[in-house]
Undergrad: 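Here you go, one structure.
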Amino acid sequence: QVDLVESGGGSVQAGGSLEISCVASIYTYQNYAMAWFRQAPGKEREGVAAITPGGGTTQYTDSVRGRFTISRNNVNNTLYLRMNSLKPEDTAMYYCAAGTGWLDLRADAYKYWGQGTQVTVSS
């Protein structure tokens, strides 16, 4: 049984910051690539950021590069997404995902998914 539980979402004004996290109940967490995805109402799920199993390499979608930072702690099985300079268009449900690939922002590369945490940015 694999569970991914996100937390830390909330409401923030444009220009503000927020950090969301995801705790993974995976025995071999350090062997999994992890990623954050988001989905806004009426839109497709979008890959936001990904990180390799060891945490040494990251990838971002263009719209968040320079504003968001993905990181992980392989001791406490936690994935983080630090979001700075938030914009109203960042409003979405954010999901963490785990997969046995390498570095990918495609949803079909990930096997396990959390239930999501809502991030709302007001103008």
Undergrad: List the atom of S85, the atom of R67, and the distance in Å for their closest heavy-atom pair.
TA: O-NH1, 2.9 Å
Undergrad: So how far is it from D108 CG to R45 CZ, rounded to the nearest 0.5 Å?
TA: 12.0 Å
Undergrad: Would you say that Q59 contacts L105 through its side chain, given a criterion of any heavy-atom pair below 4.5 Å between the two side chains?
TA: yes
Undergrad: For the residue pair N84 and S17, what are the closest heavy atoms and their distance?
TA: OD1-OG, 2.9 Å
Undergrad: Quick one: side chains of residues 21-33, donor-acceptor pairs under 3.5 Å with protein atoms, not counting sequence neighbours, listed by atom name and distance.
TA:
{"from": "S21", "atom 1": "OG", "to": "S7", "atom 2": "OG", "distance (Å)": "3.2"}
{"from": "S25", "atom 1": "OG", "to": "D3", "atom 2": "N", "distance (Å)": "2.8"}
{"from": "S25", "atom 1": "OG", "to": "D3", "atom 2": "O", "distance (Å)": "3.2"}
{"from": "Y29", "atom 1": "OH", "to": "T78", "atom 2": "O", "distance (Å)": "3.3"}

Undergrad: Which atom pair, heavy atoms only, marks the closest approach of A40 to A92?
TA: N-CB, 3.9 Å
Undergrad: Going by salt bridge (Lys or Arg N to Asp or Glu O under 4.0 Å), R38 matches just one of E46, E6, E44. Which one?
TA: E46
Undergrad: Say you draw a straight line from CE of M83 to CD1 of I20; how long is it, rounded to the nearest 0.5 Å?
TA: 4.5 Å
Undergrad: Rounded to the nearest 0.5 Å, how far apart are SG of C96 and CG of L4?
TA: 4.5 Å
Undergrad: Around Q115, counting heavy atoms of other residues, nucleotides and ligands shown, do more than 12 lie under 6.0 Å from its CD?
TA: no
Undergrad: Which heavy atom of T58 sits nearest a heavy atom of Y60, and at what distance?
TA: OG1-CE1, 3.5 Å
Undergrad: So how far is it from M93 CE to T117 OG1, rounded to the nearest 0.5 Å?
TA: 7.5 Å
Undergrad: Measure the spacing between OH of Y95 and CD of Q39 and express it to the nearest 0.5 Å.
TA: 5.5 Å
Undergrad: Distance from Y80 atom OH to N73 atom CG, nearest 0.5 Å?
TA: 5.0 Å
Undergrad: Of all the heavy-atom pairs spanning I70 and M34, show the shortest one and how long it is.
TA: CD1-O, 4.2 Å
Undergrad: Side-chain heavy atoms under 4.5 angstrom apart, residues restricted to Ile, Leu, Val, Met, Phe, Trp, Tyr: same cluster for L81 and W113?
TA: no
Undergrad: Using a strict 4.0 Å threshold on nitrogen-to-oxygen distance, state whether R65 and D62 make a salt bridge.
TA: yes
Undergrad: By the definition ring-ring contact (aromatic ring centres under 6.0 Å, His included), identify the one residue from W102, F37, W36 that meets it with Y110.
TA: F37
Undergrad: Ignoring hydrogens, what is the shortest heavy-atom contact between Q13 and V121? Give both atom names and the distance.
TA: C-CG1, 4.0 Å
Undergrad: Can L79 be reached from V2 by stepping across I, L, V, M, F, W or Y side chains whose heavy atoms are under 4.5 Å apart?
TA: yes
